[in-house]
Amino acid sequence: MDHVIAERVQRVIKEWCAEQGWTDAPVCLVERPAEETHGDYATPFCMQASKIARQSPRALAEQLSARLLADPDVARVVETVKVAGPGFINFTLSSTAYAEAMRMMLAEGDDIGRGEHHPHPRVNVEFVSVNPNGPLHVGHGRYAAYGDALQRLMKFSGVNLATEFYINDYGRQMDRFGRSIAARYAQSFGVDLPVPPEGYLGDYVVDIATEARAEVGDRYLEALRLAAAERRVAVGGAPSVSVQAPDMAVGDGVYDEETPDDQTEWSDDPAVKEAVAFFRAWGCRSMLDAIRTELEEYGVEFDVWFSETTLHEGGRLERVIDRLLDSGEAYRRDDAVWLRTTSRGDDKDRVLIRANGHPTYFAADIAYHENKLERGFDHLINIWGADHHGYVPRMEAAVEILSGRPGALEVIIGQLVNLLEEGELRQMSTRRGEMVTLGELVEAIGVDAARFFLVSRSQDQTLDLDIDLARRQSQENPVYYVQYAHARIAGIVRNVPEDFEAAVPDDPAVFASPYERALIKRLDGFAGMVQDAAERRAPHRIVGYAQELAADFHVFYKHCRVIGVDPAEASSRLALCLVARRVIARCLELLGVNAPESM
RNA sequence: GCGCCUGUAGCUCAGCUGGAUAGAGCAACGGACUUCUAAUCCGUGGGCCGCAGGUUCGAAUCCUGCCAGGCGCGCCA
């Protein structure tokens, strides 16, 4: 309907401009006015063209509206043409336009709104990508809901796309996690081996240690006794570090390098190292299983799970760094290897290999993104939390160097979730184990409400989530409003007599009410909304659209009966219901929310 | 200090590649169920769109400055 009317109006106006001899006339926009009394469509063309025409916008509009009405193609779908306001031309649609639009939408079936599939470019969307050393928290839930809705939306709009989870299973944080589990394991045997000061103190660490003990018994007990003994010597008899959490948030400025615990480790004894390696691997597998299961229950699945460790083990890092050195994009200075990211807009060059010989996280990320490009992806989308936005310029520069073209990497920064409980801001820390997990949120309000709510706001907006409200809201959450519309339609369809057929008869009396027309117009806007939301990476628009659609349906439902009216009206309304049901179901599917048949 | 994000109704937020009288949900108040599900519908009240300039026929939207909040700025991950 949008295109049908826009094209016809634009053609007439273009012809008219040509007759006037204007070569640089402005583009004629045809849009839906915000105010319903202004008609179904409107164009501000005359205001824009009045300068060239050397006439007032209104005078121009009078001439053009007469011309438009005289055109048979326009007259078919347009009921009235009016000049209004400062010089708008407003149109209202004819009943023929509604009937034609409905026939087209009905014929599209389940594919209504689906974009044409484009095999190129191949797009990779990476999101969530956490260290597997703790449960997912609410912020991850937001990025998961956003990323998954975005990938579903982009696929539906026609993009060739695969999703990916990067497992940060390498490095110091994982070592600390391994030693935290080892300490809990040792403690379960009564050994005084405290959790490291930079370790993880959540109860789930104890659970993992318990599982490990059930599996391996006391196999690592002696090694950890040794670690406890050596450690006591190393700290010179000072009281061992309390098992209680230090009052310290993540990222409070304490440099990791200066943490003595990391420098001394527990012991150089091979048996101790082996024990720590075991608990690190055990914990990683255990957490990863838990995360995968939790995401599945949350309705989020990935095409590829990519382990950072495989980059280090396969010699990939060395290869890519050699390549960068050969090409001159990287260089050596002060015993370190640097990447010349300043050549691509970064503030300063970045270290790839530290003076101590260890690669940085950045180096691993470069190897990883090179791998994505080698796997044939043309466009890489990464969804990161706001706390990583300082990392964006160097990564964009790196991918530009790797791919040879700017813009191959698109980083979408998601803002954080502030949790409010009893009106108080709740600080979160993975290591202290003090946080609201995604699991707790889902338990409180359910998957449907959690996903619907967490994706309902623009991702670049910080989101205040009041836990108490979320708990209470379970009955009045907007998600139920949309689901209820779906269930109501399902009810109608169930109750329709067998011989009923959905169809749009050629009868001017069909779709005469404003309630039916509003619903048809809304449904007609679905395809445009999909394309727009996909291009803008804005799945929250689906939420707004779905609520508006549901509202239009509930009004229709109140005023227009389907069963028990005359046959032409009944079959046309049934057609309207079927299309509405498909579109609501599609919106909910794109959001990862259930579309219930009854409630 | 520099960079990114954000300031819109009592609350949570849409609208931001410029269009007419700025919207929704929640909260408040008043109505509507003999008929396909009342988790619904109808109505009422509620706004210097952070502030000040600029561009434009037209600015919540674009530009500049200021104010306020969040995040970031390491040879950490």
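Reminder, nothing fancy here: chain letters follow the sequence lines and each chain counts from 1.
Under 4.0 angstrom from either OP1 or OP2 of B/rU17 there lies at least one side-chain N or O belonging to A/R536. Between A/Q48 and B/rG19 there is no side-chain N or O to OP1 or OP2 distance below 4.0 Å. Within the structure, every side-chain polar atom (N or O) of A/R494 is placed at least 4.0 Å from both OP1 and OP2 of B/rU37. An OP1 or OP2 oxygen of B/rG15 is reached within less than 4.0 angstrom by a side-chain nitrogen or oxygen of A/H540. For A/R176, no side-chain nitrogen or oxygen approaches OP1 or OP2 of B/rA77 to under 4.0 Å. Regarding contacts with the backbone of B/rG72, every side-chain N or O of A/R394 stays at 4.0 angstrom or more from both OP1 and OP2. Phosphate proximity of B/rG74 to A/R354: absent, as no side-chain N or O sits under 4.0 Å from OP1 or OP2. For A/N495, no side-chain nitrogen or oxygen approaches OP1 or OP2 of B/rU35 to under 4.0 Å. Of the side-chain N and O atoms in A/Y484, one or more sit less than 4.0 angstrom from OP1 or OP2 of B/rA39.
Where A/T360 and A/Y41 meet RNA chain B, the nucleotide closest to each residue was compared, and A/Y41 sits on the side nearer the 5' end. Annotation: of the two residues near RNA chain B, A/I413 and A/P44, the 5′-most nearest-nucleotide partner is A/I413.
Taking the P atom of each, B/rA59 and B/rG3 are spaced 29 Å apart, rounded to whole Å. Rounded to the nearest Å, the gap between the C1' atom of B/rC49 and that of B/rC62 is 16 Å. Spacing of P atoms, B/rA38 relative to B/rC48, comes out at 39 Å, to the nearest Å. Taking the C1' atoms as reference points, B/rU40 lies 23 Å from B/rG45, given to the whole Å. For the P atoms, the distance linking B/rG65 with B/rG70 amounts to 22 Å, nearest Å. B/rC5 and B/rC11 are spaced 25 Å apart, taking the P atom of each and rounding to whole Å. The gap from the C1' atom of B/rG30 to that of B/rU21 amounts to 25 Å, rounded to the nearest Å. Remark: the separation of the C1' atoms in B/rG25 and B/rU64 is 36 Å, to the nearest Å.
Residue A/R541 is classed as a sugar-phosphate contact, given heavy-atom separations below 4.0 Å to backbone atoms only. Counting any heavy atom pair closer than 4.0 Å across all strands shown, A/Y170 reaches sugar-phosphate atoms only and no base atom. Residue A/A42 is classed as a base contact, given a heavy-atom separation below 4.0 Å to a base. Heavy atoms of A/V562 sit under 4.0 angstrom from at least one base atom. Within the 4.0 angstrom heavy-atom criterion, only backbone atoms of the sugar-phosphate kind lie near A/Y481; the bases stay farther away. Residue-level contact check: A/I489 touches neither bases nor backbone, having no heavy atom under 4.0 Å from any strand. Among the protein residues, A/G564 comes within range of no part of the nucleic acid, since none of its heavy atoms lies under 4.0 Å from any strand. Residue contacts for A/L416: at a heavy-atom cut-off of 4.0 Å it reaches the sugar-phosphate backbone alone, with no base atom in range. Within the 4.0 angstrom heavy-atom criterion, base atoms lie near A/C560. Within 4.0 Å (heavy atoms only), A/S50 reaches no atom of the nucleic acid at all.
Minimum atom distance to the side chain of A/Y557 is reached by B/rU37, of the listed B/rU37, B/rG25, B/rC75. When distances run from any side-chain atom of A/N90 to the nucleotides B/rA20, B/rG3, B/rC57, the shortest one goes to B/rA20. The side chain of A/M47 approaches B/rG19 more closely than any other nucleotide in the set B/rU40, B/rC75, B/rG19. Distance from the side chain of A/R561 is smallest to B/rU35 among B/rU12, B/rG70, B/rU35. Of the listed nucleotides (B/rU37, B/rC57, B/rU12), B/rU37 has the atom at the smallest distance from the side chain of A/A487. Checking B/rC36, B/rA14, B/rC71 against every side-chain atom of A/A386, the shortest atom distance belongs to B/rC71. Ranking B/rA77, B/rC36, B/rC57 by closeness to the A/N131 side chain, first place goes to B/rA77. Considering only side-chain atoms of A/D464, the nucleotide from B/rC13, B/rA38, B/rC57 that sits closest is B/rC13. Comparing B/rA38, B/rC41, B/rU6 by their closest approach to the side chain of A/R488 singles out B/rA38.
With centres under 5.5 Å and a plane angle under 30° as the test, the ring of A/F88 is not stacked against the base of B/rG19.
Within the 6.0 Å centre-distance limit, the rings of A/Y484 and A/H554 are counted as a close aromatic pair. Checked against a 6.0 Å centroid threshold, the rings of A/Y545 and A/F526 count as neighbours.
Residues A/Y331 and A/D349 have side chains that bring a donor and an acceptor to within less than 3.5 angstrom of each other. A donor and an acceptor atom, one from each side chain of A/Q173 and A/E198, are nowhere located under 3.5 Å apart. There is a side-chain donor-acceptor pair under 3.5 Å between A/E516 and A/S513.
As a whole-Å value, the separation of A/I492 CD1 from B/rU37 C1' is 10 Å. Following rounding to the nearest Å, A/H559 (NE2) and B/rG43 (P) show an atom-to-atom distance of 9 Å. For A/M599 and B/rC36, the CE to P distance is 18 Å, given to the nearest whole Å. Spacing between atom OH of A/Y545 and atom P of B/rC13 amounts to 25 Å, rounded to whole angstrom units. Per the geometry, CD belonging to A/E31 stands 13 Å off C1' belonging to B/rG58, to the nearest Å.
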Please list, for nucleotides 31-33 of chain B, all pairs of protein and nucleotide N/O atoms separated by less than 3.5 Å.
none

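Taking the side chain as every heavy atom from C-beta outward, A/I366 and A/L324 approach each other to under 4.5 Å.
Ring pair A/F306/A/Y368 is tilted by interplanar angle, where 30° to 60° counts as tilted. The aromatic rings of A/F177 and A/Y200 stand perpendicular to each other, their planes meeting at an angle above 60°, with 30° marking the opposite boundary.
For the pair A/R350 and A/F362, the cation does not sit on the ring face, since its NZ or CZ is not both under 6.0 Å from the ring centre and inside 45° of the axis. A cation-pi geometry, defined here as NZ or CZ lying under 6.0 Å from the six-membered ring centre and within 45° of its normal, does not hold between A/R172 and A/Y170.
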Would you check, one step at a time, whether the test salt bridge (charged side-chain N to carboxylate O under 4.0 Å, His left out) holds for A/R179 with A/D175? CA-CA 6 Å; A/R179 277 182 292 132; A/D175 288 339; over 6 Å; no
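Using a distance-only test at 3.5 Å, with no hydrogens or angles considered, no donor-acceptor pair links the side chain of A/S65 to the main chain of A/K82.
RNA chain B forms stems at B:1-7 with B:67-73, B:10-13 with B:23-26, B:28-32 with B:40-44, B:50-54 with B:62-66, each a run of 3 or more consecutive Watson-Crick or G-U wobble pairs whose two key distances fall under 3.5 Å.
Just one of A/H369, A/E396, A/H388 meets the side-chain hydrogen bond (donor to acceptor under 3.5 Å, both in side chains) condition when paired with A/N382; it is A/H369. Considering A/V195, A/V276, A/N133, A/V205 in turn, A/V205 is the only one that fulfils the side-chain contact (heavy atoms from CB on, under 4.5 Å) rule with A/I181.
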